[in-house]
Amino acid sequence: MTFSPAVAPKPARSIEVAKVAVAVTFAANGLAFGSWASRTPSIKAALDLDASQLGLLLLCLSVGSLTALPLSGSVVQRIGPAATVVVSVAAESGGLLMAAWGVSTGQATLCGAGLLLTGFGVGMWDVAMNVQGAAVERKLGRNVMSRFHAAWSLGSVAGAGAGALCAAIGMGVATQLVITAAVTAVLAIAGTRRYLPFEPEPSSGHGYRAGAAQLGRQWRDSRTLRIGCMVLGFAFVEGVANDWLAVAVVSGLGISEAIGAVAFGVFVAAMTVGRLVGASALDRWGRLRVLRASVLLVAAGLLLVAVGPGLPAVLAGSLIWGIGAALGFPTGISAAADDPATAAIGVSVVTSIGYTAFLAGPPLVGFLGDAVGIRPALLVVLGALALVLVTHTAARPLAAVEVVEAVEPGER
């Protein structure tokens, strides 16, 4: 991938510090999610929900995120990534506290309202930290976005580990979520203090009218829309595992909740390793080859999880699925931010499209799970992989689209 920084580079020290700061905010976001996702079987039991009702509860998180995403690009352009993250973490932490209250009192509606607020914070936070990550990546001149997402996965692993431990010792979900909300807020706010200074692009215009016009242009841009569809496919791949893997293992194999949390932990650990080494793979083989390999790995892992005989096959499938899911989302975000002048709006459009997977995924798998069982219902992910194969060529780096495409189409 070829980078062309649009501004004079910052001193190396400040860029490296900013890189660590972005990683911290990604990790904090992942911690909050992993802590919640690993306890979905307990939440299902505490609120006495069936599979389809749990799917509708999880839908609240996605609705909140999708409400925030169309607004987030303009907000980031106006107040900067750091300030946006601070506002977002307040919403997410407040939502987690409300969800904890709902679980502790057995009120599914209150829990759903908390998840709606949490999702709003997640959506705004997601765009802001990715925009800052893309800025750091451009200034460094090499692929690092997947490593930021690896930090998110490390946070998820920590959250999943905490969830497994809490389940094993009998700690209630509500207590765990209260602790998670406090830790998340401290880490995220500390990270934003070392972000790069906010530098709005001269071409981005000023005011809400200019932001709305640029947003409209990005929603009509063919490349942005195709990248968004590719991210949607990978978000579905990742989101189904996040929401349903632990539940599928527990209900499909009849094993303990703690082992279900371990299976989820295997998935996020594999995804973390894939993201840590993926930056080097992207530098060596390019975005498109890596994306094609990712599709094959996800398909293999999915089949083992959905129809494999017994726990060893399911754990192996979780591992392979996690490696395959690792690079799709961060690669799409990097592609959306190739042009620094439209990075914030481009990322918000792509994530808005991508997050519709989190809107459709939970209830779809839930209703299919009621009909055929949760493990076989996971095979719906194959449709998302087909979408990725159709759209992934849009992720070719922008410089390659303009200069190299006529020489080696489809190979970067």
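This chain uses plain numbering: 1 for the first residue, then up along the sequence.
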Contacts table for residues 176-183: side-chain donor-acceptor under 3.5 angstrom, sequence neighbours left out:
residue, atom, partner, partner atom, Å
Q176, OE1, R39, NH1, 2.6
Q176, NE2, S35, O, 3.0
Q176, NE2, S35, OG, 2.8
T180, OG1, S35, OG, 2.8
T180, OG1, Q176, O, 2.9

By side chain to side chain contact (heavy atoms under 4.5 Å, CB included) - contacts of L302 (at least two apart)
W321, L378, L379, V381, L382
R138 side chain to A337 backbone, donor-acceptor under 3.5 Å
yes
Does the pair K44 and T40 meet the rule for a side-chain contact (heavy atoms from CB on, under 4.5 Å), with working shown?
CA-CA 6 Å; K44 180 175 182 289; T40 49; over 6 Å; no
So R287 and D338, salt bridge (Lys or Arg N to Asp or Glu O under 4.0 Å) or not? Walk me through it.
CA-CA 13 Å; R287 289 176 181 169; D338 275 345; 3.1 Å; yes
State, with a plain yes or no, whether a side-chain heavy atom of L196 is found less than 4.5 Å away from one of Q132.
yes
So for atom CH2, which belongs to W219, do other residues, nucleotides or ligands contribute more than 12 heavy atoms lying within a distance under 6.0 Å?
yes
Looking at every non-hydrogen atom in both residues, tell me the closest pair between L368 and A377 and how far apart they are.
CB-CB, 3.6 Å
Using modelled atom types only, decide if a donor and an acceptor are shared between the side chain of Q53 and the backbone of D50 within a distance under 3.5 Å.
yes
Side-chain touch V298/I323, heavy atoms, less than 4.5 angstrom
no
Apply side-chain contact (heavy atoms from CB on, under 4.5 Å) to the pair V89 and I189, showing each step before the final yes or no.
CA-CA 8 Å; V89 75; I189 293 171; 4.0 Å; yes
Single hit among V350, L389, L291, L387 for side-chain contact (heavy atoms from CB on, under 4.5 Å) with M230:
L291
Check: L110 and W101 side chains under 4.5 Å, non-hydrogen atoms
yes
By side chain to side chain contact (heavy atoms under 4.5 Å, CB included), A82 pairs with (sequence neighbours left out) T192, Y195
If you take all heavy atoms of V290 and A281, which pair is closest and at what distance?
CG2-O, 3.8 Å
With the threshold set at 4.0 Å, does a side-chain nitrogen-carboxylate oxygen contact exist between D283 and R147?
no
Indicate every side-chain donor-acceptor pair of residues 111-118 with a distance under 3.5 Å to a residue at least two apart or in another chain.
residue, atom, partner, partner atom, Å
T118, OG1, L96, N, 3.1
T118, OG1, G114, O, 2.9

Minimum heavy-atom distance V231-G354, with the two atoms named
CG1-CA, 4.0 Å
side-chain contact (heavy atoms from CB on, under 4.5 Å) between S65 and D126, worked out
CA-CA 9 Å; S65 294; D126 197 350; over 6 Å; no
Please tabulate, for side-chain N and O atoms in residues 259-279, each donor-acceptor pair with protein atoms closer than 3.5 Å (sequence neighbours left out).
residue, atom, partner, partner atom, Å
T272, OG1, S153, O, 3.4
T272, OG1, V268, O, 2.7
R275, NE, A326, O, 2.5
R275, NH1, H149, O, 3.2
R275, NH1, S153, OG, 3.0
R275, NH2, E238, OE1, 3.2
R275, NH2, A326, O, 3.4

How long is the straight-line distance from CD of E137 back to CG of N130, given to the nearest 0.5 Å?
10.0 Å
Side-chain (T351) to main-chain (V347) donor-acceptor, under 3.5 angstrom:
yes
Would S72 and W125 satisfy side-chain contact (heavy atoms from CB on, under 4.5 Å), going step by step from the backbone distance to the final call?
CA-CA 8 Å; S72 55; W125 183 351; over 6 Å; no
Is D221 paired with R226 through a side-chain N to carboxylate O contact shorter than 4.0 Å?
no
Residues in side chain to side chain contact (heavy atoms under 4.5 Å, CB included) with F148, at least two apart?
K19, V22, A23, F26, V136, V144, M145
Test item: I227 and T224 side chains (from C-beta on) under 4.5 Å apart, heavy atoms:
no
Where A313 and L304 come nearest, the two heavy atoms and their spacing:
O-CB, 3.6 Å
Over all heavy atoms of both residues, which pair between A100 and A174 is shortest? Give the atoms and the distance, please.
O-CB, 3.4 Å
Can any side-chain N or O of R223 pair as donor or acceptor with the backbone N or O of A394 at less than 3.5 Å?
yes
Does P81 reach the side chain of M129, with side-chain heavy atoms less than 4.5 Å apart?
no
Flag side-chain contact, heavy atom, 4.5 Å: R375 against V307:
no
Could you walk me through whether E92 and T184 pass side-chain hydrogen bond (donor to acceptor under 3.5 Å, both in side chains), step by step?
CA-CA 9 Å; E92 183 178 56; T184 296; 5.4 Å; no
Is any side-chain heavy atom of W244 less than 4.5 Å from a side-chain heavy atom of L54?
yes
Taking all heavy atoms of A384 and all of G233, pick out the closest pair and write down the distance.
CB-O, 3.5 Å
Sub-4.5 Å side-chain heavy-atom contact between S348 and V127:
yes
Side-chain (T331) to main-chain (G328) donor-acceptor, under 3.5 angstrom
no
